[in-house]
Enquirer: 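This structure is in structure tokens; I'll ask about it shortly.
Treat the numbers as computed from the prediction; the structure is a model and nothing was measured.
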Amino acid sequence: IYEAIGDYNETKYEESIAIWKEVLKLNQLSILAHNGIAKNYLQVEEYELAAEHFKIAGNRTLYSEAFWELRNVWLQDYLLIMMGAVFVFFVGYVVIKSTDKKFGYLSGVRNGIAKVKAVPIINQVLYMKTVSKKPSDSFYYLRRKEKGSYLGASIILLVTFLSYLLFVAGKGFIFQFVDLKDLDLGSIILGFVVAIGLFILCSYLVTSIQDGEGTLGQIFKGVAYSFYPFIIAAIVTTLFSYVATTNELFLLNTIMVIGCVWTLALIFISVSEIQNYTVGETIKSILLTILFVVVILLVFSFVQMTLRQVFVFFEEFIKEVWRNVIG
């Protein structure tokens with residue numbers, strides 16, 4: 001190992017690679033060996049092998065560097081082809097669109113898409129796109145039950161959870177710091193359901209005290225239909241993480257922040273429109289809702305710890321009785 005490190009420091013990369021291979025024959029799980037041989041592969045421009053060993057070693061920083069080089073080589077090979085494909089697609093789109101206006105040969109396709117969108121449940125779920133673009137009017141129609149539905153809202157929350165799970169567990173290696181096998185899926189599901197459910201329930205309780213006009217069901221639909229930006233941001237960020245390096249980390253974070261902020265803004269507007277509140281009343285209501293959620297979680301945690309201690313006490317008591325009296 002010392003000899004391999006010395007050869008690397010003296011820029012004898014091929015010699016160092018040969019020695020590291022001997023080390024790996026003795027121990028295939030050596031993180032030190034995988035890191036060492038990968039650094040040498042990086043220097044001799046064997047980027048694919050370098051990335052492979054950096055991934056085994058869990059070295060995301062240097063893996064990103066090797067992946068950047070691989071991506072750069074790929075772009076040099078296919079950039080002109082990609083630009084040509086984009087140009088052909090753009091020209092084809094313009095030609096088809098202009099000729100379709102004259103001859104209408106895509107009317108059947110448009111009618112088919114319109115029929116699919118007209119299916120009640122699909123229409124109800126896709127209404128979240130309208131909510132993200134025109135929130136004030138959209139929440140008004142939700143409140144009057146002219147648009148949306150409880151089933152649509154439930155499906156949206158399910159899609160929200162799946163997109164969140166994809167973001168948590170499905171990102172590319174560079175940005176995925178938790179292995180899928182180490183995730184507690186039960187806790188994630190429970191946390192998601194409890195967080196959303198408590199917010200909706202506490203919002204209803206607070207607005208009931210503050211003379212709000214919305215019902216529990218309207219609040220549920222308003223919150224659910226606000227998650228469209230988060231869903232898009234989570235999916236886009238996850239997909240982009242497979243072709244991004246640490247240099248694009250800021251861009252990934254920006255996409256996710258925009259999605260979250262947009263969703264929070266929609267939730268704010270939903271409370272305002274559904275409860276018929278002013279801006280000040282909405283801020284007060286949401287702050288009180290968050291306070292109630294925190295208090296409930298603290299009380300629940302305290303009760304859980306107390307019950308656990310009581311259980312441990314009786315368990316130890318029974319064991320002691322068994323040893324000293326019965327045993």
Enquirer: Can Thr61 and Thr246 be said to form a side chain to side chain contact (heavy atoms under 4.5 Å, CB included), step by step?
Expert: CA-CA 7 Å; Thr61 302; Thr246 52; 5.8 Å; no

Enquirer: Is it true that atom CZ of Phe199 has more than 12 heavy atoms of other residues, nucleotides or ligands lying nearer than 6.0 Å?
Expert: yes

Enquirer: I want to check something: taking the side chain as every heavy atom from C-beta on, are Gln210 and Tyr277 in contact at a cut-off of under 4.5 Å?
Expert: yes

Enquirer: Does any part of the side chain of Phe227, heavy atoms only, come nearer than 4.5 Å to the side chain of Ile196, both counted from C-beta?
Expert: yes

Enquirer: Tell me, yes or no, whether the heavy-atom count around Glu213 atom CD, taken from other residues, nucleotides or ligands under 6.0 Å, exceeds 12.
Expert: yes

Enquirer: Could you give the distance from OG (Ser30) to CG (Asn35), rounded to the nearest 0.5 Å?
Expert: 9.0 Å

Enquirer: More than 12 non-hydrogen atoms from neighbouring residues, nucleotides or ligands closer than 6.0 Å to OH on Tyr47, yes or no?
Expert: yes

Enquirer: Transitively linked via ILVMFWY side-chain contacts under 4.5 Å: Phe167 with Ile188?
Expert: yes

Enquirer: Would you please say whether a donor-acceptor pair under 3.5 Å links the side chains of Gln309 and Thr306?
Expert: no

Enquirer: Same cluster or not: Val193 versus Val168, using hydrophobic residues (I, L, V, M, F, W, Y) connected whenever any side-chain heavy atoms lie under 4.5 Å apart?
Expert: yes

Enquirer: Could you pull out every donor-acceptor pair under 3.5 Å between side chains of residues 155-164 and any protein atom, sequence neighbours left out?
Expert:
residue : atom : partner : partner atom : Å
Thr160  : OG1  : Ile156  : O            : 2.7
Ser163  : OG   : Val159  : O            : 3.2
Ser163  : OG   : Thr160  : O            : 2.7

Enquirer: Does Phe89 CZ have over 12 foreign heavy atoms under 6.0 Å away?
Expert: no

Enquirer: What closest approach, in Å, do Ala244 and Ile174 show between heavy atoms, and which atom pair accounts for it?
Expert: O-CD1, 3.5 Å

Enquirer: Show the nearest heavy-atom pair for residues Phe220 and Ala153, with the distance to one decimal.
Expert: CE2-CB, 3.6 Å

Enquirer: Between Ile283 and Phe268, is there a side-chain heavy-atom distance shorter than 4.5 Å?
Expert: yes

Enquirer: Drop me the distance from Glu281's CD to Asp211's CG, to the nearest 0.5 angstrom.
Expert: 9.0 Å

Enquirer: Would you check if the side chain of Ser285 reaches a backbone N or O of Thr282 as a donor-acceptor pair within less than 3.5 Å?
Expert: no

Enquirer: Could you check whether any side-chain heavy atom of Leu142 comes within less than 4.5 Å of a side-chain heavy atom of Gln218, counting everything from C-beta outward?
Expert: no

Enquirer: Output, in order, the C-alpha distance, side-chain angles, deciding distance and verdict of side chain to side chain contact (heavy atoms under 4.5 Å, CB included) for Lys221 and Lys145.
Expert: CA-CA 10 Å; Lys221 289 193 292 184; Lys145 299 182 180 179; 4.1 Å; yes

Enquirer: Does Glu48 have more than 12 heavy atoms from other residues, nucleotides or ligands lying within 6.0 Å of its CD?
Expert: no

Enquirer: So Asn27 and Val23, side chain to side chain contact (heavy atoms under 4.5 Å, CB included) or not? Walk me through it.
Expert: CA-CA 6 Å; Asn27 184 5; Val23 175; 5.7 Å; no

Enquirer: I'd like a table of donor-acceptor pairs (distance under 3.5 Å, sequence neighbours excluded) in which one partner is a side-chain atom from residues 120-130, with atom names and distances.
Expert:
residue : atom : partner : partner atom : Å
Gln124  : OE1  : Ser149  : OG           : 2.5
Tyr127  : OH   : Ser138  : O            : 3.0

Enquirer: Any chance OH of Tyr140 has more than 12 other-residue heavy atoms, nucleotides or ligands included, within less than 6.0 Å?
Expert: no

Enquirer: Could you walk me through whether Val279 and Ser272 pass side chain to side chain contact (heavy atoms under 4.5 Å, CB included), step by step?
Expert: CA-CA 7 Å; Val279 174; Ser272 177; 5.8 Å; no

Enquirer: Is there side-chain contact between Gln43 and Tyr8, with heavy atoms separated by less than 4.5 Å?
Expert: yes

Enquirer: Hey, mind stepping through Glu22 and Lys25 against salt bridge (Lys or Arg N to Asp or Glu O under 4.0 Å) and telling me if it holds?
Expert: CA-CA 5 Å; Glu22 294 299 319; Lys25 286 180 181 179; 3.4 Å; yes

Enquirer: If only atom types and distance count, is the side chain of Arg143 paired as donor or acceptor with the main-chain N or O of Gly222 below 3.5 Å?
Expert: no

Enquirer: Are any of the side-chain heavy atoms of Trp20 and Ile5 separated by less than 4.5 Å?
Expert: yes

Enquirer: Does the side chain of Val131 reach to within under 4.5 Å of the side chain of Tyr228, using non-hydrogen atoms?
Expert: no

Enquirer: Any side-chain heavy atom of Val73 sitting closer than 4.5 Å to one from Glu69?
Expert: no

Enquirer: Given 3.5 Å as the limit, does a donor-acceptor pair link the side chain of Ser16 with the main chain of Ala4, or not?
Expert: yes

Enquirer: Test your reading of the model: is there a side-chain donor-acceptor pair from His34 to the backbone of Glu52, 3.5 Å cut-off?
Expert: no

Enquirer: Is there a donor-acceptor contact under 3.5 Å from the side chain of Gln28 to the main chain of Leu24?
Expert: yes

Enquirer: With a distance cut-off below 6.0 Å to the six-membered ring centre and an angular limit of 45° from the axis, does Arg60 pair with Phe175 as a cation-pi contact?
Expert: no

Enquirer: What do you reckon, is CZ of Phe292 surrounded by more than 12 foreign heavy atoms closer than 6.0 Å?
Expert: no

Enquirer: Taking Lys55 for the side chain and Ala51 for the main chain, is one N or O donor matched with an acceptor at less than 3.5 Å?
Expert: no

Enquirer: Does Leu307 CG have over 12 foreign heavy atoms under 6.0 Å away?
Expert: yes

